[in-house]
Protein chains: 2
Amino acid sequence: MVRPRPPVAPSDGPGLFAGCPELIGTPATYGREEEIFGEGEEAERVYRVMQGAVRTHKVLSDGRRQITGFHLPGDLFGFEPGETHRHTAEALSGTRLLIFKRRQVERMATRRAEVACQLWGLATRSLRHAQDHMLLLGRRSALERVAAFLLDVDQRLGGTGTFDLPMTRRDIADYLGLTIETVSRTITQLEGEGALLRTGGRQVSLRRGRMHRLVEV
Amino acid sequence: MVRPRPPVAPSDGPGLFAGCPELIGTPATYGREEEIFGEGEEAERVYRVMQGAVRTHKVLSDGRRQITGFHLPGDLFGFEPGETHRHTAEALSGTRLLIFKRRQVERMATRRAEVACQLWGLATRSLRHAQDHMLLLGRRSALERVAAFLLDVDQRLGGTGTFDLPMTRRDIADYLGLTIETVSRTITQLEGEGALLRTGGRQVSLRRGRMHRLVEV
DNA sequence: CGTCCTATTGAGGAGTATCAACGTAGGTGG
DNA sequence: CCACCTACGTTGATACTCCTCAATAGGACG
């Protein structure tokens with residue numbers, strides 16, 4: 001969730017891949033919790049979010065799950081250097097995607113350097129997000145994790161300070177490497193310290209100054 | 001450390017960038033613990049390890065550190081999508097590098113799609129490593145982390161099962177999101193369970209069957 | 001209104017961090 | 001060549017964060 005939105009806006013046009021008119025995507029819709037692709041499946045398609053949201057995750061055999069990222073409109077996902085997907089991807093809610101043939105994109109990338117550069121940029125931005133998240137998972141407390149997460153969601157949803165969390169406590173917990181109980185308790189604690197207000201349902205209103213002080217560098 | 005070696009072998013030639021003869025790197029050597037670049041500095045160079053090893057890390061203001069990766073001969077590092085480095089890079093020991101001008105590489109990438117594709121492949125492989133590491137940091141126990149780490153180092157150093165750890169306990173701890181004491185205790189525990197032998201200094205000899213059983217999926 | 005799923009809260013415990021002491025190895029200067 | 005010094009590593013005692021298990025409350029939907 002920390003990843004900044006890539007500069008590829010959905011307004012590039014309904015059928016375009018990263019501004020390349022030769023690549024036309026096939027529209028598709030997915031329902032809440034529906035799987036888009038599974039870990040281990042052949043990676044023959046590439047996806048672009050048009051509406052809704054997608055999460056990608058990895059699981060261990062005993063069910064422990066780590067969400068590696070949330071994908072919002074404009075984001076591309078599903079690229080793999082190898083032949084198979086290393087993640088499972090699922091729609092968070094009703095979601096519209098554009099599907100591209102991976103071979104077609106790769107062939108285009110070998111011909112048009114700007115497409116290949118865009119792919120590189122996308123991968124590098126994802127990498128930066130992943131590295132920031134490693135620091136969070138390896139070295140931050142539960143309070144810092146939740147505060148950083150809430151600030152990030154706020155920013156991605158417009159930065160007004162008041163918003164509805166688009167995911168469940170389970171998703172948040174599996175993204176932050178915590179349990180749902182710890183997430184819940186931490187939000188309660190943040191409310192007790194006056195760093196946020198719960199204004200009904202999943203809506204929260206942040207005191208961004210106080211929140212930032214909890215995260216610091 | 002988990003990242004598999006990229007297919008770009010150092011034997012590509014002393015001055016070549018990813019098989020591209022137009023790009024000639026400048027050789028440089030760095031001593032133990034010497035900084036190669038710092039977080040926040042302008043990212044105008046790109047590096048390739050020829051000999052030795054490099055670690056990249058991020059730090060919080062209070063000193064908490066997360067090592068995001070170790071780079072061995074053949075690996076490229078230092079790429080950034082933005083203008084500044086998001087990491088600090090330091091040599092683990094006496095290390096020989098090849099330095100490339102970032103602008104030059106990018107210009108070459110816009111002209112030659114195969115260079116851009118190589119950059120994409122490098123970033124994507126790093127991303128895969130980062131995502132595997134997120135699962136480790138977010139959801140694995142200390143025992144699993146250390147066992148996975150040792151198996152990975154063994155594999156990267158030839159897979160014989162017996163090797164010298166090329167980094168200190170502090171580096172291991174900061175890579176695995178643990179403390180040096182926990183790393184030390186966990187290695188002792190692994191020895192007690194007959195999953196490895198300490199054969200003097202930093203050398204260890206793994207019982208890979210037992211180690212693998214501890215890591216599973 | 002009941003059912004199911006999600007979220008909150010509490011009590012207790014496991015796992016890892018922290019603080020401290022001691023042991024070991026490698027390098028330096030006498 | 002040896003003694004010292006410093007950095008690294010191990011082990012122990014204790015503390016604390018976060019997890020686990022359990023019960024309750026709140027919302028969405030039929």
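This structure is a prediction, so every number in the text was calculated from the model and none was measured. Labels below follow one simple rule: chain letters A, B, ... track the order of the sequence lines, proteins then strands, and each chain is numbered from 1.
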Peer 1: Listed in order of residue number, which residues of residues 180-199 of chain A have a non-hydrogen atom at under 4.0 Å from DNA chain D?
Peer 2: A:E181, A:T182, A:R185

Peer 1: Under the side-chain hydrogen bond (donor to acceptor under 3.5 Å, both in side chains) test against A:T56, which residue among A:H71, A:H87, A:R86, A:E90 passes?
Peer 2: A:H71

Peer 1: Is any side-chain N of the basic residue among A:D75 and A:R156 closer than 4.0 Å to the acidic one's carboxylate O?
Peer 2: yes

Peer 1: How long is the line joining CG of B:L92 and C1' of D:dA7, in whole Å?
Peer 2: 16 Å

Peer 1: Sequence neighbours excluded and cut-off under 3.5 Å, please list the side-chain donor-acceptor pairs for residues 209-217 of chain B, or say none.
Peer 2:
{"from": "B:R210", "atom 1": "NH1", "to": "B:E193", "atom 2": "O", "distance (Å)": "3.3"}

Peer 1: Using a cut-off of 4.0 Å on non-hydrogen atoms, how would the nucleic acid contact of B:G177 be classed: base, sugar-phosphate, or nothing?
Peer 2: sugar-phosphate

Peer 1: Please report, rounded to the nearest Å, how far the C1' atom of D:dT17 is from the CZ atom of A:R140.
Peer 2: 17 Å

Peer 1: Excluding sequence neighbours, so at least two apart, what forms ring pair (Phe, Tyr, Trp, His ring centres under 6.0 Å) with B:H85?
Peer 2: B:F37

Peer 1: Need one value for B:T179: base, sugar-phosphate or nothing, where a base atom within 4.0 Å counts as base even if backbone is also close, heavy atoms only.
Peer 2: base

Peer 1: Describe, in one word, how the ring planes of B:Y175 and B:F70 are oriented to each other, choosing from parallel (under 30°), tilted (30 to 60°) and perpendicular (over 60°).
Peer 2: tilted

Peer 1: In this structure, how many angstroms lie between the P atom of C:dA25 and the CZ atom of B:R169, rounded?
Peer 2: 13 Å

Peer 1: Would one find a side-chain N or O of B:R170 under 4.0 angstrom from OP1 or OP2 of D:dC8?
Peer 2: no

Peer 1: Rounded to whole Å, how long is the line connecting atom CZ of A:R64 with atom P of D:dC19?
Peer 2: 13 Å

Peer 1: Would you call A:E191 and A:R207 a salt bridge, using N to O less than 4.0 angstrom?
Peer 2: no

Peer 1: Just the rounded figure in Å: distance from P of D:dA28 to CD of A:Q203.
Peer 2: 13 Å

Peer 1: 5'-most contact on DNA chain D: A:G201 or A:S141, nearest heavy atom basis?
Peer 2: A:S141

Peer 1: Hey, what do you get for CG (A:L97) to CD1 (A:I36), rounding to the nearest 0.5 Å?
Peer 2: 5.0 Å

Peer 1: Whole angstroms only, please: what is the CG-C1' distance between A:D164 and C:dA7?
Peer 2: 15 Å

Peer 1: How many whole angstroms separate atom CG of A:D171 from atom C1' of C:dC5?
Peer 2: 14 Å

Peer 1: Atom CD1 of A:I172 to atom C1' of C:dT8: distance rounded to whole Å?
Peer 2: 14 Å

